[in-house]
Every structure is written in structure tokens, then in C-alpha cells.
Amino acid sequence: MAEAAGDGGWPEPVVRVQALSESGAATIPDRYVRPETERPSSSSEANAVANINIPVVDMSSSPGTAAAAVAEACREWGFFQAVNHGVPAALLRRARGVWRGFFQQPMEVKQRYGNSPATYEGYGSRLGVDKGAILDWGDYYFLHVRPPHLLSPHKWPHLPPDLRETTTEYSEEVRRLCERLMAVMAVGLGVEEGRLQEAFGGREGAGVCVRVNYYPRCPQPDLTLGLSSHSDPGGMTVLLVDDRVKGLQIRHTGAWVTVDPVPDAFIINVGDQIQVVTNALYRSVEHRVVVNAAEERLSIATFYNPRSDLPVAPLPELVSPERPPLYSPMTFDDYRLYIRRNGPRGKSQVDRLAAAAATIPNSTTTTQ
């Protein structure tokens, strides 16, 4: 029997996917069965040509070389793998280890940290608040790290004992990497090195949060997804994937490409906010997660976001009569409220912003 959490503001009792997986059932509940066109096995969603993979960027190369490689990847793919990024490999292994340890805790321990749709912070098993919605085959843990006033110590698990210390060290190292990446991305655009960071509210204004994704074994992986197709609503995502099991797929030239991770690399992807700030020179890309019957899978996503109350719009330097602003200003608070209400739905939100901008005569950007 799967264990259900108290509603906590959700429209119906929350069922933990890990408990469903460990129940030994041979089939998945109907709530997790995707429409035929969205299933991994659908012929209309066939994989791209074999041996294709996202670009790999050596962050230890010369600044100009790294900036050119990052810019090309952000324009053509929206994704790349960063190697020689400066975050110790031992810390990557520790971070994976403590979070695997958390998901191995008894269910009553994990339930103490059950989340709600008000902030999503804590232990969760669904996105969006639509009653009766099709659900993804995965559990997660979401934490705010920065700004400091959003950090909720009571939401940070006490088990395993070194989880808090390791997660704090890990998120701080990744935050520094994000700041480096923002500078490299700006140089690749041909704007001042600090310009993207400024558009996000500066180093102190930018937000950081962590989402640990846990995808249990699934008896019918061809019928469901670990995470539905979506683009990331924030600025940039730094993803530490499972070191044993593949699962991330990105949409490229109309097909789904399964990412083959490089050991000890981070997978970096452009979020909707960078697409807006760069006036779509860098583009966020739809991606999803598939699950399998033989192996569980864990990944750690760190999201680097603009200051939540700052209107985000295309940089004036990237706007011209030939390339007018494609997006109307919106704060990240307003933007993610849409996502939290509706769950992952492709690129519908950023496309909605573009449509809104197109209806405004002679629209202009705001100064960041």
C-alpha cells in the first residue's frame, strides 16, 4: 500500500512515488499514465540520430575560447556540459551520497518534511495544483538557499547527519560557478562581463535554490515520465546527474536526445529568464526525464534566478529596430507563480510573454 501524505494545501492526498515503487505492483496507477503522444515509446517522439550529444565546454580553457563555446552552445542547444569547472569531484560524490541517504530513510522520517504548494520547500511528489492532473513518476526535495531571508532551517533534513553541512558547501560552490558562467555568457553575447549579473539584481540579489530529484524504479517505464517536458522557469540550471543511470532527454531539431553525461561534469542549461534577458539570443529548451524498471535515479538541480521582485526584460543593448524586444517585463515572483499553479507545460509561459509583447505597439524595454 502506498503511503499518502496529508494534503498540506494540495488538492488531494499526496502519494509518494517511492512507496508505489516499493509496493511491488506490476502496473502503475492510471494517474501516472501519459497520453500516447507523450510517452517515451511514442513513434512521434523518436530519438535523434545515435551518437549525438550536447556540447562539452572546458571551463579551464582561455576566457575567449570558453566564452565562444558557451555562446554557441546556448544559441544552438540551450544546454552544454561543463568540465574542469572547479567544484571538487569529492564534493559531488558527497552530495549525491547524502541525498541518496535521505531517500533511504524510513517514510515516517521523510514525511516530517512534507511540502505545500505555497513555497514547494521540503519533501514533495507533485507539481501544480490541478485536481486529477496526470502525475510524474518521481519524488523530490526542494530548498531555498539564497537570498538568506528565504532560507528555512527547519526544512533542512537532519538525516543523514552530514546532509546539511554538505548541501551548504555544495550549493555555495555551485553559486560561485554560476557567477562565473554568467560572466562567460555575457562576454559571448558581446556585452559587458557583468551585464547579465546586473540584470539579475547583482550577486547579492540573485536567488539560489536546490531541487533533489529521486526517480524510483518503475514497472512500466514506457507509459510514464519521471518529469514532464518543460523548460526551466528560472535563469540558469546547474545539474549534477546520476553517476550510474541516464534519464535526461532534451528536444533538439524536433527529436528527443538522451544526454550521455561526462563523469564529474555539470549539465548547464539556459532557463526562461536568460532567454528573456538576451531577447532570445540564448534560448531555453524543452527537456524531460525518462525512468526505467531496473534502476532508481537521483539528480541534483541548482537553480540560479533573478531577484524575485525585479522586472525582467530584454537588455537594451540587445534590442534594435531590426530586433525589437520579444518579451514584456515580468518579475520572477509572478512568473514562477504561474508555473507553481500549472506545473510543467512545455514552453507555454515564455511563449505567452512573447505573445503579450507582440500586442504592445512600439514596446520598449525597461532599464535593468
Side-chain angles (χ1 to χ4, degrees), residues 54-55 57 62-80 178-203 205-207 231-237 250-254 268-286 304-336 338-339 346-368:
I54 61 176
V57 177
S62 68
T65 300
V70 166
E72 181 178 5
C74 291
R75 291 173 187 267
E76 300 299 324
W77 285 83
F79 273 80
F80 62 93
C178 288
E179 292 172 354
R180 289 175 53 208
L181 288 166
M182 292 286 277
V184 170
M185 287 182 180
V187 171
L189 284 167
V191 300
E192 291 293 327
E193 184 178 284
R195 197 66 180 93
L196 287 182
Q197 190 73 68
E198 180 186 345
F200 271 38
R203 290 183 175 182
S231 61
D232 289 346
M236 177 199 315
T237 303
I250 71 167
R251 191 187 289 276
H252 182 67
T253 62
I268 314 295
N269 66 278
V270 172
D272 293 346
Q273 304 304 304
I274 284 183
Q275 175 167 324
V276 169
V277 169
T278 66
N279 208 25
L281 291 174
Y282 294 165
R283 298 186 63 85
S284 60
V285 169
E286 283 185 76
Y304 193 76
N305 301 322
R307 200 182 80 198
S308 63
D309 61 348
L310 183 70
V312 176
L315 292 176
E317 304 96 308
L318 303 179
V319 171
S320 67
E322 295 74 30
R323 190 179 182 84
L326 300 177
Y327 306 98
S328 53
M330 178 181 282
T331 68
F332 187 50
D333 271 339
D334 289 338
Y335 194 92
R336 66 182 165 192
Y338 173 93
I339 302 297
K347 292 194 65 171
S348 59
Q349 170 68 335
V350 74
D351 289 345
R352 186 173 75 87
L353 269 186
T359 65
I360 303 173
N362 300 317
S363 62
T364 57
T365 61
T366 58
T367 300
Q368 300 295 307

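In this chain, residues are counted from 1 in sequence order.
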Go through the structure and list residues passing side-chain contact (heavy atoms from CB on, under 4.5 Å) with [X], not counting sequence neighbours.
{"X": "R323", "value": "N279, A280, L281, S320, L326"}
{"X": "D333", "value": "S308, D309, T331, R336"}
{"X": "P63", "value": "none"}

Point-to-point distance, once rounded to the nearest 0.5 Å, from [atom1] of [X] to [atom2] of [Y]:
{"X": "F80", "Y": "E72", "atom1": "CZ", "atom2": "CD", "result": "12.0 Å"}
{"X": "F79", "Y": "T237", "atom1": "CZ", "atom2": "OG1", "result": "7.5 Å"}
{"X": "N305", "Y": "Q273", "atom1": "CG", "atom2": "CD", "result": "7.5 Å"}

Non-hydrogen atoms of [X] and [Y] that approach each other most closely:
{"X": "V184", "Y": "A67", "value": "CG1-CA, 3.6 Å"}
{"X": "R307", "Y": "G201", "value": "CB-CA, 4.4 Å"}
{"X": "V285", "Y": "G78", "value": "CG2-CA, 3.9 Å"}
{"X": "A206", "Y": "Q197", "value": "CB-NE2, 4.0 Å"}
{"X": "P306", "Y": "G235", "value": "CD-N, 4.2 Å"}

Going by heavy atoms in the side chains, are [X] and [Y] under 4.5 Å from each other?
{"X": "M236", "Y": "I274", "result": "yes"}
{"X": "W77", "Y": "I250", "result": "yes"}
{"X": "L310", "Y": "F200", "result": "no"}
{"X": "V277", "Y": "P314", "result": "no"}
{"X": "Y304", "Y": "M182", "result": "yes"}

Please answer whether the main-chain N or O of G234 pairs with a side-chain N or O of D272 as donor and acceptor at a distance below 3.5 Å.
-> no
Side-chain donor/acceptor of E286 to backbone N/O of R251, under 3.5 Å | no
How would you list, by chain and number, every residue that makes a side-chain hydrogen bond (donor to acceptor under 3.5 Å, both in side chains) with [X], sequence neighbours excluded?
{"X": "N269", "result": "D232"}
{"X": "Y282", "result": "none"}
{"X": "E179", "result": "R175"}

So with a 6.0 Å cut-off around CZ of R203, is the heavy-atom count from everything else above 12?
-> no
Residue E317 excluded, over 12 heavy atoms near CD under 6.0 Å = yes
Candidate pair T278 and L196, rule side-chain contact (heavy atoms from CB on, under 4.5 Å), full reasoning = CA-CA 9 Å; T278 66; L196 287 182; 4.2 Å; yes
Stepwise salt bridge (charged side-chain N to carboxylate O under 4.0 Å, His left out) check, R195 with E198 | CA-CA 5 Å; R195 197 66 180 93; E198 180 186 345; 3.5 Å; yes
